Amino acid sequence: QKEVEQDPGPLSVPEGAIVSLNCTYSNSAFQYFMWYRQYSRKGPELLMYTYSSGNKEDGRFTAQVDKSSKYISLFIRDSQPSDSATYLCAMSGTGNQFYFGTGTSLTVIP
Amino acid sequence: SQTIHQWPATLVQPVGSPLSLECTVEGTSNPNLYWYRQAAGRGLQLLFYSVGIGQISSEVPQNLSASRPQDRQFILSSKKLLLSDSGFYLCAWSSGGSGTQYFGPGTRLTVL
């Protein structure tokens with residue numbers, strides 16, 4: 001079983017839609033949860049960061065962590081064509097390693 | 001603020017040739033440094049990570065090696081490239097215990 005599972009998509013939505021991206025994980029020791037946005041041929045950019053459980057909001061983006069279900073989500077409100085990218089979830093615990101999902105490809109259609 | 005640089009941005013090399021990719025971080029001290037490879041349509045594969053000068057942990061046995069000659073410099077090398085070494089190489093840094101990781105712009109390597 002992989003440490004982190006992420007639906008690869010692709011996901012295609014109309015402009016203005018609410019997008020929901022999700023990851024599940026198996027290691028209960030994970031404490032830090034991240035979402036990255038990666039445009040084609042670029043390095044991943046840290047989008048959201050959450051420690052432990054709960055919600056975090058930043059503009060149109062909301063990250064949720066449910067440690068009891070080992071499930072994390074990223075919601076994008078009022079999606080824009082500029083949100084078209086691959087979104088990677090990532091997690092870490094007390095060690096030095098980070099564990100990544102394979103990424104979900106999102107296209108927002110104008 | 002912290003900045004991470006990688007070069008070159010793009011590289012085309014023949015099979016059997018050597019490789020040297022460089023990564024430097026500015027604006028922080030004693031970072032943890034990482035090399036990943038990202039193949040098309042696949043996730044990030046951790047190759048090496050380092051928690052200090054001269055300290056390298058290898059995650060995948062292969063013909064690549066890494067070195068950390070200075071606190072904020074991380075180098076990925078190979079003596080003889082294989083076709084399977086083609087991919088997008090990403091350097092990243094984290095501050096020990098911070099729980100977040102930041103990536104460089106990447107190097108796209110094509111081995112012909």
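Reminder, nothing fancy here: chain letters follow the sequence lines and each chain counts from 1. All values below were derived from every heavy atom in this structure, side-chain atoms included, with hydrogens, water molecules and symmetry-related copies excluded. Every value quoted in this text rests on a predicted model; they were computed, and no experiment measured them.
A/Met34 and B/Gln101 get closest at one heavy-atom pair: SD-N, 4.2 Å. Nearest approach of B/Leu90 to A/Gly43, heavy atoms of both residues: CD2-CA, 3.7 Å.
B/Phe48 is not connected to B/Ile53 by any chain of hydrophobic side-chain contacts under 4.5 Å among Ile, Leu, Val, Met, Phe, Trp and Tyr, and they are in different clusters. B/Ile75 and B/Tyr49 fall into different hydrophobic clusters, where Ile, Leu, Val, Met, Phe, Trp and Tyr residues are linked whenever their side-chain heavy atoms come under 4.5 Å apart, directly or through other members. Under a hydrophobic-cluster definition in which Ile, Leu, Val, Met, Phe, Trp and Tyr are linked whenever side-chain heavy atoms come within less than 4.5 Å, directly or via other members, B/Leu83 and B/Phe88 are assigned to the same cluster. Residues B/Val60 and B/Leu82 do not share a hydrophobic cluster, defined by chaining ILVMFWY side chains whose heavy atoms lie under 4.5 Å apart. Each of B/Tyr36 and B/Trp7 belongs to its own hydrophobic cluster when Ile, Leu, Val, Met, Phe, Trp and Tyr are linked at side-chain heavy-atom distances under 4.5 angstrom.
A/Phe100 and B/Phe103 have their aromatic ring centers within a separation under 6.0 angstrom.
Here the CG atom belonging to B/Asn32 is positioned 7.5 Å from the CZ atom belonging to A/Phe98, to the nearest 0.5 angstrom. Rounding to the nearest 0.5 angstrom, the gap separating the OH atom in A/Tyr36 from the OG1 atom in B/Thr100 is 6.5 Å. Rounding to the nearest 0.5 angstrom, the gap separating the CZ atom in B/Arg108 from the CZ atom in A/Arg41 is 4.0 Å.
When heavy atoms are compared at a cutoff of 4.5 Å, B/Gln38 approaches chain A solely by way of its side chain, counted from C-beta outward. Contact of A/Gln38 with chain B is made through the side chain alone, with heavy-atom distances under 4.5 Å.
For a heavy-atom cut-off of 4.5 Å, chain B lies close to A/Leu88, A/Ser92 in residues 64-92 of chain A. Residues from residues 64-71 of chain B never place a non-hydrogen atom less than 4.5 Å from a non-hydrogen atom of chain A.
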